[in-house]
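One structure below.
Predicted model only: the values in this text are computed from it and were never measured. Proteins come first, then strands; the chains are lettered A, B, ... in the order of their sequence lines, and each starts at number 1.
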There are 2 protein chains.
Amino acid sequence: MATIKDVARIAGVSVASVSRVINNGPKVSKKTIENVNKVMADLGYTPNANARALVTQKSTTVGVVIPDLTDPFFASLAHGVEQVARQQNMQLLLSTGLVTAESEQQAINLLIERRCDVMVIHSKKLSDDALIALTNKVSGLVLIDRYIEQVAHRCVWLDNLEGGKIAARHLLTLKHQTFACISSKYQIDDPSLRLQGFQSELNAAGFNLDQQLVEYGEPNLQGGEITTQKLLASGKKFSALFVYNDAMAIGAISTLEDNGYRVPTDISVIGFDDVLLSRYSRPKLTTLNYPIEEMAIQAANLALDLANKNDKNNNTKDFKYIPTLTKRESTSINDQ
Amino acid sequence: MATIKDVARIAGVSVASVSRVINNGPKVSKKTIENVNKVMADLGYTPNANARALVTQKSTTVGVVIPDLTDPFFASLAHGVEQVARQQNMQLLLSTGLVTAESEQQAINLLIERRCDVMVIHSKKLSDDALIALTNKVSGLVLIDRYIEQVAHRCVWLDNLEGGKIAARHLLTLKHQTFACISSKYQIDDPSLRLQGFQSELNAAGFNLDQQLVEYGEPNLQGGEITTQKLLASGKKFSALFVYNDAMAIGAISTLEDNGYRVPTDISVIGFDDVLLSRYSRPKLTTLNYPIEEMAIQAANLALDLANKNDKNNNTKDFKYIPTLTKRESTSINDQ
DNA sequence: TTGAAAGCGTTACCAA
DNA sequence: TTGGTAACGCTTTCAA
């Protein structure tokens, strides 16, 4: 592959001049520009980004660490980051497939090796301390979907507790009085906070959440089906069901209808996340919108600022998002 | 950030020795290894991948070019490539957001700038010639979902024509006699081949596809709804509907049921792709499985071999995949 | 407006 | 088993 030297030699100029025309540098004669451009085209010359990164000490690459690309939620996150990357003429360096603290750490290390100056990290397994340490090493590192007090100004996160409350309020407004809940068996923060918020708001309104009507399962379609079967098997009645995420909610609806319950006529179901899926279900899912793409854009911009030390405002506050209710068809008033 | 020189100086050895321990090079004394490792740990030293790439002339990076990350189909493709990348300790460099031939070209150029030696490209807009030219420049470049005769041995693709035929055969087996079809308005190869295969198999069995029962729309949920409305508005009867992809098929089912038709009792619907969505719909979608992840893995491995000149078998044949029928609940026998 | 040359952080060859 | 050093392809300063 042709190098800048080849171009210089053939064009009969110095590499410095070639470099100048590549970078639209100042003070180059029109003639040189044209000449060099022609030679570059002839040779099919493409500058070597690695060499460039080495000398300029910047990577024009933004790193993203997420657990799984095939989960639409994370795909949206990556998509958000990608948009700001493209704006900046930067590229996405992606690390996925993370299950343990070690693999998360490893993924981040790879980004550091590439001297990625801007990174958006979704980490649930790494300890606060490990993350804080990383934060000191990489100035453009931003945490998404996680809140750590000591590095609050680098956290872009969603208030899951409030999300649970909003769901409860919606159901309460619809005059429901008996509630069930499906949560995730994986006890990271999110599910327990959502459940906690839901429950506390119910209590505040003078209602109770029967612990026998709380089930935990895999956070996917099948998990929703299985937990709903258990709920039904308990024999207890409920008219409103709050589900950890949309995939489970769709599974729940499916099982409910298979068992002769109409949604929302007999039972109202509310999900969480508002992924694409929720618009594809029948009935269309009422759910809490998790503005993950918007948050990812925010996170990427923040990382960019941090990397460029544009921390003008020297921000110390975090970036908290509140989910919003998206009313569709799976909840309705309880008129029994 | 600490460099190899810092490590060498502090450890009291030469950079050559440090380099050897980093790369598990031969002939290093145990003592040196331990000493150097300790210093590296103390300094939090991380090798610079850019410098490495420059001198070794290889990038340990695999490039992926896809139109859109949020489309589950492409997410699966990226996921497949990612799996083989990880196996090789390589990382994904991702380019998305492609709409025109120019932006596709641009995306590929960025990968070349990074001296990405292994790349899997999903390109629908670039001309055959442009792609062939690229192929000469990058030895590890593989095309996915596209077939170009001159570079057949670098193509991993699906036989869409056969897919259409399989759909037709399935419906024929179920004794259907009147057919409708929803296609994509974007006239790249895939939709027209699917339609063509469908039609030709119908004809072979002595049936006809009424052109008034063929509609074209946006390849998403809404497109499926709109085209189905048009189909219904034509007043013509049909008992079987072949739809371009799963998203449209789900839209179609929704509109059909809203208009009082039961699926599959009154009308059988068959989709294409077998994305996650198809398992989430009610009734669950009968569709043609597009083994995109498997194909992506194949493509990535092929690209790897090509890049390493492991073209041992000096393959000249292409990699053609045939979709397979996934029977679920949206098709049934026509007993009228 | 142009060119020479130093230097970015590594690896790998050649000597010692 | 170790160290010195050229080289990778580029940008950037300094002089001319």
key: Short N-O contact, B:D128 and B:R146, less than 4.0 angstrom   = yes
request  = Ignoring backbone atoms, test whether A:Q57 places a side-chain nitrogen or oxygen under 4.0 Å from the OP1 or OP2 oxygen of C:dG9.
outcome  = yes
request  = Looking at every strand, decide which applies to B:P26 at a 4.0 Å heavy-atom threshold: base, sugar-phosphate, or nothing.
outcome  = nothing
Atom-to-atom span, CD of A:E34 to C1' of C:dT1 - whole angstrom = 15 Å
ask   = To the nearest angstrom, how far is B:K58 atom NZ from C:dA12 atom P?
value = 10 Å
request  = For B:D129 and B:S127, test the side chains for any donor-to-acceptor distance below 3.5 angstrom and give the result as yes or no.
outcome  = no
request  = Choose from D:dT1, C:dA12, C:dT10 the nucleotide whose nearest atom is closest to any side-chain atom of B:K27.
outcome  = D:dT1
inquiry  = Does D:dG9 have OP1 or OP2 under 4.0 Å away from a side-chain N or O of A:T3?
reply    = no
ask   = When all nucleic acid strands are considered with a 4.0 Å heavy-atom cut-off, which category describes B:N23: base, sugar-phosphate, or nothing?
value = sugar-phosphate
inquiry  = Is it the case that the base of D:dG3 and the side chain of B:R20 share a donor-acceptor contact (distance under 3.5 Å, atom types as modelled)?
reply    = yes
query = What nucleotide, of D:dT11, C:dT10, C:dG3, holds the atom closest to the side chain of A:V13?
reply = C:dG3
request  = Give the rounded distance in Å between these two atoms: CG of B:N50 and P of C:dT11.
outcome  = 12 Å
request  = Rounded off to whole Å, could you give me the CZ-to-P distance for the B:R114 and D:dG9 pair?
outcome  = 17 Å
inquiry  = If I take atom CG in residue A:L43 and atom P in nucleotide D:dG9, what distance separates them, rounded to the nearest angstrom?
reply    = 13 Å
query = Under 3.5 Å, is there a donor-acceptor pair between the side chain of B:S103 and the main chain of B:V99?
reply = yes
key: Closest listed nucleotide, where the reference is the side chain of A:P47 and the choices are D:dG4, D:dT12, D:dC10   = D:dC10
ask   = Atom CD1 of A:I4 to atom P of D:dC8: distance rounded to whole Å?
value = 14 Å
Ionic contact status for A:E82 with A:R86, cut-off 4.0 Å = yes
inquiry  = What verdict does the salt bridge (Lys or Arg N to Asp or Glu O under 4.0 Å) test give for A:D117 and A:K58, after you've listed the backbone C-alpha separation in whole Å, the side-chain angles of each residue and the deciding distance to 0.1 Å?
reply    = CA-CA 7 Å; A:D117 2 79; A:K58 52 189 51 184; over 6 Å; no
request  = Report the distance from atom CE of B:M40 to atom P of C:dG9, rounded to the nearest whole Å.
outcome  = 17 Å
query = In whole angstrom, what separates B:N48's CG from C:dT11's P?
reply = 10 Å
ask   = With respect to the phosphate group of D:dT11, does any side-chain polar atom (N or O) of A:S19 fall under 4.0 Å of OP1 or OP2?
value = yes
ask   = Taking the nucleotide of DNA chain D with the closest heavy atom to each, which residue, B:S17 or B:R115, is nearer the 5' end?
value = B:S17
message = By nearest heavy atom, map B:V15 and A:K5 onto DNA chain D; which one lands nearer the 5' end?
response = B:V15
ask   = Using 30° and 60° as the class limits, which term best fits the ring planes of A:W157 and A:Y147: parallel, tilted or perpendicular?
value = tilted
ask   = What nucleotide among D:dG9, C:dG9, C:dA5 has an atom nearest to a side-chain atom of A:V55?
value = D:dG9
message = Under 4.0 Å from OP1 or OP2 of C:dT1: is there any side-chain N or O of A:S29 that close?
response = no
note = Closest of C:dC8, D:dC8, D:dT11 to the A:L54 side chain is C:dC8
